[in-house]
Protein chains: 2
Amino acid sequence: MNSMSEKNDTKSDVARSDITREKLLENALDVFGRYGFDGASTRKITNAAGVNLQAIPYYFGSKEGLYIATADYLANIIGQYIGGMRQRMAEQIAALDATGMPLGEAQARLFLNEIVETMVVLFVSKKSEAWARFIIREQMEPTAAFERVYSGVMGPMIGLGRRLIGAIIADDPASENVRLRCLSFVGSLMVFRMANAAVLAQMEWDAIGDKEIARLQQHARRLVAALGPAKGEIS
Amino acid sequence: MNSMSEKNDTKSDVARSDITREKLLENALDVFGRYGFDGASTRKITNAAGVNLQAIPYYFGSKEGLYIATADYLANIIGQYIGGMRQRMAEQIAALDATGMPLGEAQARLFLNEIVETMVVLFVSKKSEAWARFIIREQMEPTAAFERVYSGVMGPMIGLGRRLIGAIIADDPASENVRLRCLSFVGSLMVFRMANAAVLAQMEWDAIGDKEIARLQQHARRLVAALGPAKGEIS
DNA sequence: GTCTATAGTCGGATAGAC
DNA sequence: GTCTATCCGACTATAGAC
């Protein structure tokens, strides 16, 4: 059924091989995210993964090769989590476009609500800590890995966000205004992941559990509800 | 007048001492922010500062001592940039409180507009790149340095933001709602610093120059204008 | 495919000359 | 106060046994 069982005589080797690769990537994501490329040592990664130090040059050529592979791996994981939702929405929107019907504001708000609720859960989940650290590092000091994560996940997702926000505030999704609004909207949620320490201090929370997640989801829905056409500025 | 000229015979030494310290802190901020504590090497820092490698153990005891001192230095610098504005506003608000008069919505919006315009300039300035990197690292993996930056600058600033947003959306500044709204508001601006790479890609900007700063300031004012009482949620 | 041994480099900290 | 010289540990990558 899967690639692990093509041949009987190599089955266990291939399986071990895949497990070692997977473990390495999993732990590389965590350690690279935590300490950065320079700060992360291959020893730390292989120890955490429970594999031999030589597995890195063997499977990925070098530490740098592992880093790039980790970026692809990350884009892949996130894609698995949100790709289905994104594709479903993109298809429904495309179907509307095909009929010439505009995407309605109410429908867009429903879609956006679904997205933000998923995002909030993702942002505060234990596993996304590592992902977020990796991505934020790449944002600050982009390497060759950034392009892989951006074009694989972030770009398409922001594109969908622009489309939805455009429908909600009745503006062209390609306009500067919608782009800025969309980025700010993402920021208004992302802050709960990126500024984790400050958030906990401000909210006087010890940690983010089920109660806090529910609170954040409510807050996220309110942010969606607060989206509206631009008002006049003061001064 | 200042500590540089207490004695004539030691004047030049003390001055050199201060210059060396200052150069070290300045470059430590950049290098630590860029590579993190582990990734940053003392050789990188002293080379960039143009001082001897031994200056670090001499002045700061150790690499770790330099890191802590760098956090204080950073809190100090940022305080110099925004402390005046913050204090002026805090005093005017305190004066209102003393008379029992509430902080008006229009006044709060004016204050907030001034803050966001300053923040935008700060966020995209070349020098704040290093500051932002340092702070974001601390957010993700807080060390002893976080408390110094948070209580020195971030905490007071967020407190002011909560007060202003509370006045604008007519809610208690201590409420969960205002705390969350304030954090999200900060995030909606901070995204332009933190997600720099994604922002440039989305906006199709090569870099952030005067034109882009003006555009971001306009956008920030619109975000202030968009702040309002909570609306009903959908679904 | 996985292991041990090791080469070669770079890290932080110390000692001591000036 | 600042420099050179140096120790010692940790790092990545390679060679070769099994």
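Numbered from 1 within each chain, the chains take letters A, B, ... in sequence-line order. Side chains are part of it too, since the values below use all heavy atoms of this structure and drop only hydrogens, waters and symmetry mates.
- Atom CZ in B:Arg21 sits roughly 12 Å away from atom P in D:dT2 (whole-Å rounding).
- Atom P of nucleotide C:dA13 and atom NZ of B:Lys63 are separated by 8 Å, given to the nearest angstrom.
- To the nearest angstrom, P of C:dG12 lies 13 Å from OH of B:Tyr35.
- Closest contact between the side chain of A:Asn52 and the listed nucleotides C:dT4, D:dA13, C:dG11 involves C:dT4.
- Taking the centre of each ring, B:Tyr81 and B:Trp131 come in below the 6.0 Å mark.
- Between B:Phe37 and B:Phe32, the ring-plane angle classifies as parallel under the 30° and 60° cut-offs.
- What separates CD1 of A:Ile56 from P of D:dT14 is a distance of 13 Å, to the nearest Å.
- Between the CG atom of A:Asp18 and the P atom of C:dG1 there is a distance of 9 Å, given to the nearest Å.
- Rounded to whole Å, the distance from CZ on B:Phe60 to P on D:dG1 is 12 Å.
- Remark: B:Thr20 is in phosphate contact with D:dT2, judged by side-chain N or O atoms under 4.0 Å from OP1 or OP2.
- Across C:dG12, D:dT2, D:dA15, the shortest atom-to-atom separation from the side chain of A:Gln54 is found for D:dA15.
- If you measure from atom CG of B:Asp38 to atom C1' of C:dG11, you get 11 Å, rounded to the nearest angstrom.
- Here the nucleotide nearest the side chain of B:Pro57, chosen from D:dT14, C:dT14, C:dG12, is C:dT14.
- The distance from atom CG of A:Leu53 to atom C1' of D:dC11 is 9 Å, rounded to the nearest whole Å.
- A:Arg215 pairs in a side-chain hydrogen bond (donor to acceptor under 3.5 Å, both in side chains) with only one of the listed residues (A:Gln217, A:Gln218, A:His219, A:Glu212), which is A:Gln218.
- Between D:dC3, D:dT2, C:dG11, one nucleotide has an atom nearer to the side chain of B:Arg43 than all others, and that is C:dG11.
- Between A:Tyr59 and the phosphate of C:dG1, there is no side-chain N or O to OP1/OP2 separation shorter than 4.0 Å.
- Taking only side-chain nitrogens and oxygens, B:Tyr58 never comes nearer than 4.0 Å to OP1 or OP2 of D:dT2.
- With 3.5 Å as the limit, one finds no donor-acceptor pair spanning the side chains of B:Tyr59 and B:Gln54.
- There is a side-chain donor-acceptor pair under 3.5 Å between A:Gln202 and B:Tyr150.
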